[in-house]
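Here's the structure we're looking at; comments come further down.
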Amino acid sequence: MPRTTTDPPAPPPAKVAKAPTNSYPFWALRFWAGMRTRAYFGMLARNGYRIHPARWAMALIYAQMAPWNSGLHRIQQLALGGKIRRAEIKRPPIFIIGHWRSGTTHLHELMIRDERFAYPTTYECFAPHHFLITGWVLPKLFHFLLPRKRPMDNMRAGFQRPQEDEFGMVAMGAPTTYYRTAFPNEPVPGMDTLNSRDFSAADRASFRGALTYFMRALTVKNQKRLVLKSPPHTGRVEMLAEWFPGAKFVHISRHPYAIFPSMKHTWAALDEAQGFQFRTDYGAAMDAFIHDCYERMYKGFDQQRASVAPGDWCEVRYEDVAADPVGQVESIYDRLDLAGFEHARPTLESYAASLREYKPNKLDIEPSIKKQIDERWAWYLKRFGYEKAYD
């Protein structure tokens, strides 16, 4: 079982090869664009308004957008609030889980090729309060406000692309670690949300209210089975299985030697693109943060795995999905008893063929960091069948 430490000794910094970071223009939308007034100003206040002078313009823009989000939410509630409250999630959702950079996005993109499934789009995660009344027009008018690629890799971006529901929770003001990206030099908030058994009663109620509202609104729009992906859900399976009886879970693993340097690159790219501050320390403190997140999340995973029925659970490895995406998705359908794979096969095969030219980032990692991973990620390496560099 992974050990949990709140204040690990500072290891030497990981040396990461320079990887391209896609440009994120100053005019592009950030995660905070969809927040209502109370959530937005509450986030700024919790961090003492310690905003870098170069980011005050961005902060003021979103300060003006927050009241619009609040007003549009009130309109949606007046028009559709009752319908959202009465919406039944008749078909249990499918949750794709796994550590960040383990291939959750890739697997999500594969699974949603089945047109019988629905998923949250980037716009819906940016505007969870009012997408039912604005989703037909605002993404078309403001499509240019998102870059073509994500800042940390070569995956496509866009308002209609599938997105991680955790970003919807950010916009709704629910508790999550993702607020650290806004103020990367401040103490990390929400670390207890990486394991559902560590949630406070208040945070648990807040998170449940936000996620349930979001999923009901998605159900009102789509009337289809939802496929969601969010790495932090990896340590919340017990809670999610309780809230959504019969939910299916697909866990994807990847060798930590690939995950770790990719995580450093990802946090650096997101902090630069999204932050109200500029972080410069991506050495030992960032290494410790990545280790701590893993340990908390997979402690929850290990504690809670037995709470999910065998027929509602399956595991795949990124390396296998990358080598045979169609075959691995077919195996997921079989193990989770999801009918109709042949219906989805042609679209899935076409999409898989389009990925042949995709070039993932290649990042190096120092032997000293491999030694840390061999020790601190020993449970993960053994559990998912990955070899250590050192005995």
Side-chain angles (χ1 to χ4, degrees), residues 2 13-22 24 31 95-111 149-157 161-167 176-178 180-181 184 188 194 228-236 250-274 279 282 286-298 300-301 315-323 325 328 355 358-366 369-370 372-374 376-377 379-381 383-386:
K15 183 178 180 180
V16 181
K18 291 289 185 181
T21 298
N22 296 317
Y24 207 87
F31 300 154
F95 291 99
I96 296 173
I97 58 175
H99 200 283
W100 297 277
R101 313 307 297 162
S102 64
T104 55
T105 296
H106 180 39
L107 185 56
H108 195 208
E109 291 270 6
L110 290 167
M111 291 287 292
K149 293 182 179 180
R150 303 195 304 181
M152 63 284 201
D153 57 28
N154 292 317
M155 293 294 291
R156 289 173 57 196
R161 305 296 302 171
Q163 187 54 268
E164 183 177 328
D165 53 285
E166 194 82 3
F167 293 120
T176 169
T177 60
Y178 283 18
R180 70 154 295 283
T181 306
V188 180
L194 295 176
L228 303 100
K229 80 99 181 181
S230 179
H233 288 338
T234 304
R236 303 168 181 160
V250 185
H251 178 270
I252 185 168
S253 61
R254 189 180 190 182
H255 203 300
Y257 297 168
I259 289 174
F260 198 95
S262 187
M263 278 305 306
K264 291 199 73 164
H265 175 69
T266 294
W267 285 128
L270 288 176
D271 291 350
E272 180 180 352
Q274 305 291 335
R279 183 182 175 108
Y282 289 95
M286 179 54 65
D287 294 349
F289 170 64
I290 295 171
H291 285 309
D292 195 14
C293 286
Y294 152 71
E295 289 168 343
R296 289 170 182 264
M297 196 159 63
Y298 276 91
F301 176 94
E315 296 175 4
V316 295
R317 289 162 45 116
Y318 169 80
E319 295 80 1
D320 297 330
V321 173
Q328 287 298 305
L355 299 176
Y358 177 77
K359 302 293 184 183
N361 290 332
K362 293 185 178 181
L363 301 168
D364 295 329
I365 182 170
E366 279 192 342
I369 299 302
K370 288 185 177 180
Q372 293 174 30
I373 291 171
D374 284 354
R376 299 187 66 165
W377 296 56
W379 179 92
Y380 187 103
L381 290 161
R383 174 67 172 75
F384 300 112
Y386 294 106

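Heads up: numbering here begins at 1 and tracks the sequence.
In this structure, CH2 on W100 lies 7.5 Å from OG1 on T234, to the nearest 0.5 angstrom. Atom NE2 of residue H108 and atom CD of residue Q163 lie 9.0 Å apart, to the nearest 0.5 angstrom. Distance NZ/K370 to NE2/H255: 8.0 Å, rounded to 0.5 Å. Distance CG/L107 to CD/Q328: 9.0 Å, rounded to 0.5 Å. The CD atom of E295 sits 11.5 Å away from the CG atom of L194 when rounded to the nearest 0.5 Å. In this structure, R180 CZ and W267 CH2 are separated by 5.0 Å, a value rounded to the nearest 0.5 Å.
Take R279 and apply the salt bridge (Lys or Arg N to Asp or Glu O under 4.0 Å) test, not counting sequence neighbours, and it matches no residue. For T176, the side chain to side chain contact (heavy atoms under 4.5 Å, CB included) test picks out E166, V170, Y178, Y179, with sequence neighbours left out. Remark: P325 engages L110, A352 in a side chain to side chain contact (heavy atoms under 4.5 Å, CB included) (not counting sequence neighbours).
K229 and D165 get closest at one heavy-atom pair: O-OD1, 3.1 Å. Shortest non-hydrogen contact noted between I252 and G103 is CD1-O, 3.7 Å. Considering every non-hydrogen atom in both P231 and T104, the closest pair reads CG-OG1, 4.0 Å. Annotation for I373 and L381: closest pair O-CD1, 3.9 Å, computed over non-hydrogen atoms.
The distance between the ring centers of F260 and H291 falls below 6.0 angstrom.
Proximity of F289 to Y294: side-chain heavy atoms (C-beta onward) are nowhere separated by under 4.5 Å. In this structure, the side chains of K264 and D287 come closer than 4.5 Å at one or more pairs of heavy atoms. With contacts defined as side-chain heavy-atom distances shorter than 4.5 Å, the pair L270/F31 qualifies. Counting heavy atoms from C-beta outward, Y318 and I259 have side chains that stay 4.5 Å or more apart. Looking at heavy atoms from C-beta onward, T105 lies out of side-chain contact with E164 at the 4.5 angstrom threshold. Contact of the F167 side chain with the S230 side chain is not registered, since no non-hydrogen atoms from C-beta on lie closer than 4.5 Å. Side-chain contact between M297 and F301 is absent, with no heavy-atom pair separated by less than 4.5 Å. Considering only heavy atoms from C-beta on, E109 stays 4.5 Å or farther from L355 through its side chain.
Ring orientation note: the planes of W377 and H99 are tilted relative to one another, at an angle of 30° to 60°. Classification of the F384-H251 ring pair by plane angle, with boundaries at 30° and 60°, yields parallel.
Under the 3.5 Å distance criterion, the side-chain polar atoms of S102 are left unmatched by any main-chain donor or acceptor of S253. Using modelled atom types, one side-chain atom of T266 and one backbone atom of S262 make a donor-acceptor pair closer than 3.5 Å. A distance-only check finds no donor-acceptor pair linking the side chain of R101 to the backbone of H265 [under 3.5 Å].
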Q: Take R296 and D292 through the test salt bridge (charged side-chain N to carboxylate O under 4.0 Å, His left out) and record every step on the way to the result.
A: CA-CA 6 Å; R296 289 170 182 264; D292 195 14; 3.2 Å; yes

